K.L.:
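I have a structure I would like to understand better, so I am pasting it below and will then ask my questions one at a time.
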Amino acid sequence: MTSISDRYDPSQVEERWYRVWEARGYFRAEAASPKKPYAIVMPPPNVTGSLHMGHALNNTLQDVLIRMKRMDGFNTLWMPGTDHAGIATQNVIERQLAAEGRRKDDLGREAFVARVWKWKEESGGLIITQLKRLGASCDWSRERFTMDPGLSEAVREVFVRLWEEELIYRGDYIVNWCPRCQTALSDLEVEREERDAEFVYIKYGPLTLGTVRPETKLGDTALAVHPKDRRYKQYVGKTLDVPSVEGTIRLQVVADAAVDPKFGTGVIKVTPGHDPIDFEIGRRHNLPVRTVIGFDGRMTELAGKYAGLDRFECRRRIVEDLNALGLIERIEPYRHAVGVCYRCRTVVEPLVSKQWYVRTKPLAEPAVKAVRDGRMRIIPRGWRSTYFAWMENIRDWCISRQLWWGHRIPVWYCDRDGSLHVSRVDLTECPQCGGPVHQDTDVLDTWFSSGLWPLSTLGWPKETPELKTFYPTSCLVTGFDILFFWVARMAMFGLKFAGDVPFRDVYIHALVRDAEGQKMSKSKGNVIDPLVIMDKYGTDAFRFTLAALAAQGRDIRLAEERIEGYRNFANKIWNASRLVLSNLDGYDPQRARSAAPPLADRWIKSRLNSTIGHVRKALDRYRFNEAASAIYQFLWHEFCDWYLEIAKRSLDGDDDPARRTRTQVTLIEVLETTLRLLHPFMPFITEEIWQRLPHAGDSIMVAQYPTASRANADPRAEREMAPIIGVVTAVRNIRSESRVPPSVELQVTVRPAGAEAAGAFAEAAPLINALARCVVTVRSAGPRPRDSAFAAVDSHEVFVHLAGVVDLAAERLRLAREIQKAEDEIAFVETRLARREFVKRAPAEVVERERARLDEHRRRRAKLRESLRWIAESPPTT
RNA sequence: AGGCUCGUAGCUCAGUGGGAGAGCGCCUCUCUGACGCAGAGGAGGUCGGCGGUUCGAAACCGCCCGAGCCUACCA
């Protein structure tokens with residue numbers, strides 16, 4: 001056993017155990033089981049994706065929950081899978097084609113889609129491998145892809161049912177169009193970017209107005225002012241002949257409340273074809289739509305001499321031309337937020353086209369209600385308001401995309417009678433006239449299918465046992481960035497089609513940033529690759545870091561030093577275990593039963609018990625950081641720092657074999673339990689060590705999660721242990737301050753406060769001797785020893801003999817400092833107690849505590865003073 | 001424009017009404033037989049500012065300053 005390396009080497013451990021766990025089927029959930037269900041559906045990463053910090057955090061937290069619940073006896077399901085990511089995936093293949101000098105139209109739709117599938121089969125699973133590397137204990141046998149047959153069936157079912165209930169409609173509306181991706185985008189898929197622009201004031205006959213988009217001037221069909229704007233009242237209803245770049249145009253002036261009279265000149269040009277507000281104004285006033293910019297971002301034939309120009313080039317030319325005509329009044333610099341495509345950052349062009357929409361209001365209402373009445377909890381609670389704000393102002397959702405990759409809209413049009421048919425099954429002829437049909441060319445927004453994820457992955461629309469057992473799922477773990485994209489939509493669909501929320505809890509975690517607080521992004525070059533980190537520090541250390549930093553409601557700044565710190569923690573555990581393992585010979589748990597356990601054993605077990613309670617409570621409340629630091633604190637600073645040091649003595653002693661056995665039993669019991677407690681956070685190292693320790697069962701993964709109980713709490717042991725730790729610390733402190741080298745054995749006298757304490761100290765003397773490298777004498781009465789330093793531990797007095805070891809001047813200074821500290825404390829408490837209001841109004845126990853505190857410090861001060869006086873009187877030693 | 005979050009030790013952050021905490025860093029000491037990825041000890045803070053509520057505020061309320069995020073149809 002002593003041949004175990006003194007450095008923990010994750011590379012020797014992680015992959016091996018993961019394979020074992022998977023092969024033994026530990027990850028698998030049971031469709032039907034007497035055990036209570038606990039289910040999490042994984043937010044499906046893009047099939048094109050590779051593991052980044054966000055995924056790492058997200059999945060670590062899920063794995064912690066799942067592993068904990070699995071050990072706790074639940075029938076756990078962690079449902080994994082990937083998302084077909086329409087635009088992103090199509091982009092990947094288009095780039096490949098471009099490299100070959102081809103475009104997707106060269107292949108045609110069918111061949112293109114076939115190629116995407118081929119790519120998906122060959123390289124789409126990268127992130128899955130990476131999740132395994134992270135230790136994710138998903139039920140891989142249930143892995144799903146949003147385009148799988150079953151999931152596609154769910155998509156069709158939902159589309160048809162929504163259509164039948166008139167919650168889906170089709171129509172010509174203005175949409176966000178990405179000229180690069182050549183598709184419509186939902187409002188959510190448009191992001192805002194601050195950009196500098198020019199605010200151009202153009203003369204429109206007698207009026208002047210400002211715009212940042214002069215090129216849309218060619219599509220103007222009216223001018224608008226606010227109905228109450230006195231300045232322009234006279235123009236409302238009139239038609240103006242306005243000189244412009246291509247001669248004079250006729251524009252009527254309408255009054256519309258959408259115009260802000262305080263902005264610019266209070267007049268706007270109305271371009272219904274290229275602006276969402278103008279589109280609305282146009283509908284209200286029956287204005288025609290003039291489309292002057294095409295789907296390719298170039299000016300159309302209607303743009304006259306500007307036809308064919310790129311929209312931005314056209315903007316420059318128009319300004320030039322207007323200027324030449326003297327129609328520009330002035331130009332101001334202007335900074336505004338412009339809408340860009342979330343995938344390619346191209347400036348979005350609002351365009352009118354025929355698209356499919358979901359009427360969201362009727363779906364959103366139940367989803368709001370579910371959160372309000374607590375059927376779905378959002379944690380931390382603060383995100384509720386964000387959720388409500390969006391849901392209550394929700395707008396209809398454009399679900400059609402002009403892509404080839406995705407779920408094709410299940411609508412067929414008859415080529416003969418022009419009829420439209422929405423169908424669950426593919427149609428080959430018109431159900432009405434038997435004529436030839438063609439399917440709608442658009443596909444659905446990817447979020448339409450991922451919005452069904454909790455349903456479809458469990459088999460819906462079939463009534464599967466999985467659905468029955470695991471729906472609603474227990475918890476969803478996700479980042480706030482997809483609260484609307486995904487969470488809100490799952491809630492709407494879940495309530496609509498399964499009659500209940502998709503998950504009871506939604507835990508929203510932080511964003512991982514770099515050490516400077518910047519969002520990690522490829523373009524900034526500040527990404528930290530989780531795989532590199534795992535190679536360098538080990539997966540356990542990495543996972544633990546993420547959990548330890550995952551405080552609610554705050555972003556995580558990830559600095560490598562932190563990971564290094566937790567790598568050291570892993571090493572600490574390794575070495576502590578090495579100590580235990582190398583002292584196992586002669587271990588016989590039966591023999592230890594009878595004897596009463598010594599104080600230190602009772603103490604550490606009690607501490608462990610309270611740690612378990614703390615960890616469980618923290619995990620129940622999704623306080624991952626609290627759980628992690630409770631384990632860290634216990635394992636390092638109680639078990640290693642104190643108990644192991646104490647245990648070493650008992651293990652070494654040949655004189656008392658029973659004591660050795662008892663210590664072995666406690667060591668193993670505490671270490672083994674702690675490993676189980678830690679396993680959800682650090683699955684690999686805990687398994688590796690656990691397997692080497694005496695244990696029951698095949699794997700720590702399926703061992704029981706520790707439980708705290710009042711029976712295991714031993715407050716008396718904790719009370720008795722405290723002064724012992726206090727004395728050891730006091731002696732070490734004096735040693736250090738008096739600059740006595742660690743090698744010198746000190747003489748120490750303890751004068752206990754009472755008879756009970758005297759016995760305890762006498763019993764603990766050997767222990768104190770070992771821990772503080774001293775020889776302690778317990779003496780209840782008698783004079784204080786000559787030439788000694790003094791410390792007060794609670795009400796016990798500690799004298800450290802320094803005669804001949806060090807001169808006493810330093811000790812005088814030290815005592816003076818201690819006295820000062822005590823006096824500050826006394827003054828503080830006295831002031832508080834002197835206030836009548838405090839004594840009158842504060843709870844009795846608080847007042848009592850303050851009084852006790854005051855007494856305590858006064859006693860302490862008295863003893864310190866006595867010591868100082870004594871030292872001052874003694875002759876200086878030289 | 002509206003909304004939200006944050007400002008605590010040199011750094012990163014816990015701590016939601018009763019004695020200011022952790023990790024890292026820093027200083028001193030230790031080649032003690034689990035671990036130097038370690039051990040022991042220590043220094044370091046008017047809890048952003050100002051007011052208010054309270055017997056009592058880092059915490060609750062208001063205002064201000066500073067940082068960040070989200071939502072939005074100011075063209």
Side-chain angles (χ1 to χ4, degrees), chain A residues 2 4 6-8 187 192 199 209-213 216 224 258-260 262-265 267-271 275-281 334 336-337 350 380 382-383 385-386 389-390 393 480-481 483-484 511 513 515 517 519 537 541 545 548-549 551 553-559 561-562 564-583 623 625-626 629 632-633 637 640-641 644-645 648 652 728-729 732-737 739-743 770-773 825 828-829 832 835-843 845-847 849-850 853 857:
Chain A
T2 42
I4 306 171
D6 62 1
R7 290 275 174 89
Y8 171 59
D187 293 335
R192 298 279 158 180
F199 200 58
L209 59 86
T211 178
V212 284
R213 300 204 60 195
T216 62
V259 181
D260 178 357
K262 288 189 289 295
F263 189 84
T265 59
V267 184
I268 63 165
K269 58 198 222 33
V270 184
T271 318
D275 185 286
I277 314 158
D278 293 9
F279 183 78
E280 292 301 319
I281 295 175
Y334 187 62
H336 68 147
W383 289 107
S385 51
T386 311
W390 190 73
N393 297 297
F480 60 82
D481 46 338
L483 184 61
F484 308 137
L511 212 66
R513 298 169 180 279
K519 203 166 167 173
Y537 299 103
T545 307
L549 295 181
R554 198 194 272 259
D555 286 349
I556 294 176
R557 291 195 188 199
L558 191 67
E561 298 86 75
R562 295 301 295 263
E564 195 182 325
Y566 292 116
R567 188 262 329 257
N568 296 353
F569 177 52
N571 194 52
K572 187 77 180 175
I573 299 165
W574 182 253
N575 277 291
S577 306
R578 229 156 54 89
L579 174 69
V580 174
L581 289 168
S582 59
N583 281 290
R623 305 242 169 184
N625 60 319
E626 283 181 23
S629 49
Y632 182 97
Q633 171 66 26
H637 297 303
C640 291
D641 286 355
L644 286 187
E645 294 306 322
K648 277 178 189 170
D652 284 356
V728 170
T729 306
R732 284 171 175 171
N733 179 329
I734 289 168
R735 178 194 293 278
S736 179
E737 300 231 326
R739 304 187 168 271
V740 179
S743 51
L771 295 176
R773 195 167 176 81
E825 204 63 38
F828 180 77
V829 183
R832 174 172 290 187
R835 275 203 315 276
R836 210 176 305 142
E837 292 297 301
F838 171 72
V839 181
K840 205 168 74 189
R841 301 214 177 203
E845 70 206 58
V846 173
V847 177
R849 193 164 60 226
E850 293 298 309
R853 204 175 129 201
H857 282 103

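Per chain, numbering begins at 1; letters A, B, ... match sequence-line order. In this text the structure is predicted, and so the values were computed from the model without any measurement.
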K.L.:
What contact category does A:E825 fall into here, base, sugar-phosphate, or nothing, at under 4.0 angstrom with non-hydrogen atoms?
P.N.:
sugar-phosphate

K.L.:
Between B:rC31 and B:rA22, how far is it from one C1' atom to the other, in whole Å?
P.N.:
30 Å

K.L.:
When you compare B:rU5 with B:rA38, how far apart are their C1' atoms, in angstrom units rounded to a whole number?
P.N.:
40 Å

K.L.:
Quick check for you: among B:rG19, B:rC55, B:rC37, whose closest atom lies nearest to any side-chain atom of A:R567?
P.N.:
B:rC37

K.L.:
When the C1' atoms of B:rC11 and B:rA1 are considered, how many whole Å apart are they?
P.N.:
36 Å

K.L.:
Hey, what's the ring geometry for A:F569 with A:Y632, parallel, tilted or perpendicular (30° and 60° as the breaks)?
P.N.:
tilted

K.L.:
Name the closest nucleotide to the A:V846 side chain, picking from B:rG18, B:rU28, B:rG23.
P.N.:
B:rG18

K.L.:
Which nucleotide in the list B:rC35, B:rA75, B:rG41 gets nearest to the side chain of A:N571?
P.N.:
B:rC35

K.L.:
Going by modelled atom types, is there a donor-acceptor pair between the base of B:rC35 and the side chain of A:K572 at under 3.5 Å?
P.N.:
yes

K.L.:
I'd like the P distance from B:rU12 over to B:rG25, given in whole Å.
P.N.:
15 Å

K.L.:
Using the side-chain heavy atoms of A:H336, tell me which of these nucleotides is nearest: B:rG41, B:rA75, B:rC55.
P.N.:
B:rA75

K.L.:
Distance check needed: B:rA38 C1' versus A:L579 CG, whole Å only.
P.N.:
13 Å

K.L.:
What I'd like to find out is whether the side chain of A:L644 reaches to under 4.5 Å of the side chain of A:L579, using heavy atoms alone.
P.N.:
yes

K.L.:
Looking at every strand, decide which applies to A:H637 at a 4.0 Å heavy-atom threshold: base, sugar-phosphate, or nothing.
P.N.:
sugar-phosphate

K.L.:
Do A:R773 side-chain atoms and A:P742 backbone N/O form a donor-acceptor pair below 3.5 Å?
P.N.:
yes

K.L.:
Quick check: any donor-acceptor pair below 3.5 Å linking the side-chain of A:E737 to the base of B:rA40?
P.N.:
no

K.L.:
Write down the distance between CZ (A:R773) and C1' (B:rU32), rounded to a whole number of angstrom.
P.N.:
7 Å

K.L.:
Answer with base, sugar-phosphate or nothing: what part of the nucleic acid does A:D641 contact at a heavy-atom distance below 4.0 Å?
P.N.:
sugar-phosphate

K.L.:
Who is the Watson-Crick or G-U wobble partner of B:rC63, with both distances under 3.5 Å?
P.N.:
B:rG49

K.L.:
Choose from B:rC35, B:rC70, B:rU12 the nucleotide whose nearest atom is closest to any side-chain atom of A:N575.
P.N.:
B:rC35

K.L.:
If I take atom CG in residue A:N625 and atom P in nucleotide B:rG21, what distance separates them, rounded to the nearest angstrom?
P.N.:
19 Å

K.L.:
Under 4.0 Å between any heavy atoms, over every strand shown, what does A:R7 touch: base, sugar-phosphate, or nothing? Just pick one.
P.N.:
base

K.L.:
Kindly compute the distance separating CG (A:D275) from OG1 (A:T211), expressed to the nearest 0.5 Å.
P.N.:
8.5 Å

K.L.:
I'd like the C1' distance from B:rG19 over to B:rG56, given in whole Å.
P.N.:
12 Å

K.L.:
Under 4.0 Å between a side-chain N or O of A:N568 and OP1 or OP2 of B:rA38?
P.N.:
yes

K.L.:
What distance, rounded to whole Å, do you find between the two C1' atoms, one in B:rG44 and one in B:rG3?
P.N.:
39 Å

K.L.:
Under 4.0 Å between any heavy atoms, over every strand shown, what does A:V212 touch: base, sugar-phosphate, or nothing? Just pick one.
P.N.:
sugar-phosphate

K.L.:
B:rA1 pairs with which nucleotide, Watson-Crick or G-U wobble, both distances below 3.5 Å?
P.N.:
B:rU71

K.L.:
Does NZ or CZ of A:R567 fall inside the cone over A:Y537's six-membered ring, less than 6.0 Å from its centre and within 45° of the axis?
P.N.:
no

K.L.:
Between A:Y334 and A:F199, how do the two ring planes meet: parallel, tilted or perpendicular, split at 30° and 60°?
P.N.:
tilted

K.L.:
Rounding to a whole Å, what distance do you find between A:R578:CZ and B:rG36:C1'?
P.N.:
13 Å

K.L.:
Taking pairing as Watson-Crick or G-U wobble with both contacts under 3.5 Å, can you name the mate of B:rC37, or confirm there isn't one?
P.N.:
none

K.L.:
Determine yes or no for a side-chain-to-main-chain donor-acceptor pair under 3.5 angstrom, with A:R853 supplying the side chain and A:E825 the backbone.
P.N.:
no

K.L.:
Remember a base hit wins even if backbone is also touched, and classify A:A576 as base, sugar-phosphate or nothing at under 4.0 Å, heavy atoms.
P.N.:
base

K.L.:
Starting at the 5' end of RNA chain B and moving along, which residue's nearest nucleotide shows up first, A:G565 or A:D6?
P.N.:
A:G565

K.L.:
Does A:R562 use its side chain to pair, donor to acceptor, with the backbone of A:L549 at less than 3.5 Å?
P.N.:
no

K.L.:
Take the protein atom OH of A:Y537 and the nucleotide atom P of B:rC24, then report the distance between them rounded to whole Å.
P.N.:
14 Å

K.L.:
Students often get this wrong, so: under 4.0 angstrom with heavy atoms, is A:L209 touching a base, only sugar-phosphate, or nothing?
P.N.:
nothing

K.L.:
Rounded to whole angstroms, how far apart are CG on A:D260 and C1' on B:rC74?
P.N.:
6 Å

K.L.:
Could you check whether A:R835 gets within reach of a base, just the sugar-phosphate, or nothing at all, counting any heavy atom under 4.0 Å?
P.N.:
sugar-phosphate

K.L.:
Quick check on B:rA14: is either OP1 or OP2 less than 4.0 Å from any side-chain nitrogen or oxygen of A:R623?
P.N.:
no

K.L.:
Can you tell me how far P in B:rG15 sits from the matching atom in B:rG7, rounded to whole Å?
P.N.:
9 Å

K.L.:
Distance between the C1' atoms of B:rA72 and B:rG2, in whole angstroms?
P.N.:
8 Å

K.L.:
With sugar-phosphate meaning primed atoms plus P, OP1 and OP2, does A:Y566 contact a base, only sugar-phosphate, or nothing at under 4.0 Å between heavy atoms?
P.N.:
nothing

K.L.:
Can you tell which of B:rC73, B:rC55, B:rC69 lies closest to the side chain of A:F838?
P.N.:
B:rC55

K.L.:
Figure out the CG/C1' separation between A:N733 and B:rG39, and round it to whole Å.
P.N.:
16 Å

K.L.:
Looking only at side-chain atoms of A:I268, point me to the closest of B:rA75, B:rC55, B:rC29.
P.N.:
B:rA75

K.L.:
Taking any strand in view, what nucleotide pairs with B:rC13 in a Watson-Crick or G-U wobble way, both distances under 3.5 Å?
P.N.:
B:rG21

K.L.:
Could you let me know what B:rA57 is paired to, Watson-Crick or G-U wobble, both distances under 3.5 Å, or none if it's on its own?
P.N.:
none

K.L.:
Does A:S577 reach a base, just sugar-phosphate, or nothing at all? Heavy atoms under 4.0 Å.
P.N.:
nothing

K.L.:
For a quick check of understanding: with a heavy-atom distance under 4.0 Å over all strands, which category does A:P276 fall into, base, sugar-phosphate or nothing?
P.N.:
nothing

K.L.:
Mind checking A:R853 for me? I need base, sugar-phosphate or nothing, with any heavy atom below 4.0 Å counting as a touch.
P.N.:
base

K.L.:
Say you draw a straight line from OG1 of A:T545 to CD of A:E561; how long is it, rounded to the nearest 0.5 Å?
P.N.:
11.5 Å

K.L.:
Using purine N1 to pyrimidine N3 plus N6-O4 or O6-N4 for Watson-Crick, or N1-O2 and O6-N3 for G-U wobble, both under 3.5 Å, which nucleotide pairs with B:rU32?
P.N.:
none

K.L.:
Between A:E561 (CD) and B:rG23 (P), how many Å, whole number?
P.N.:
16 Å

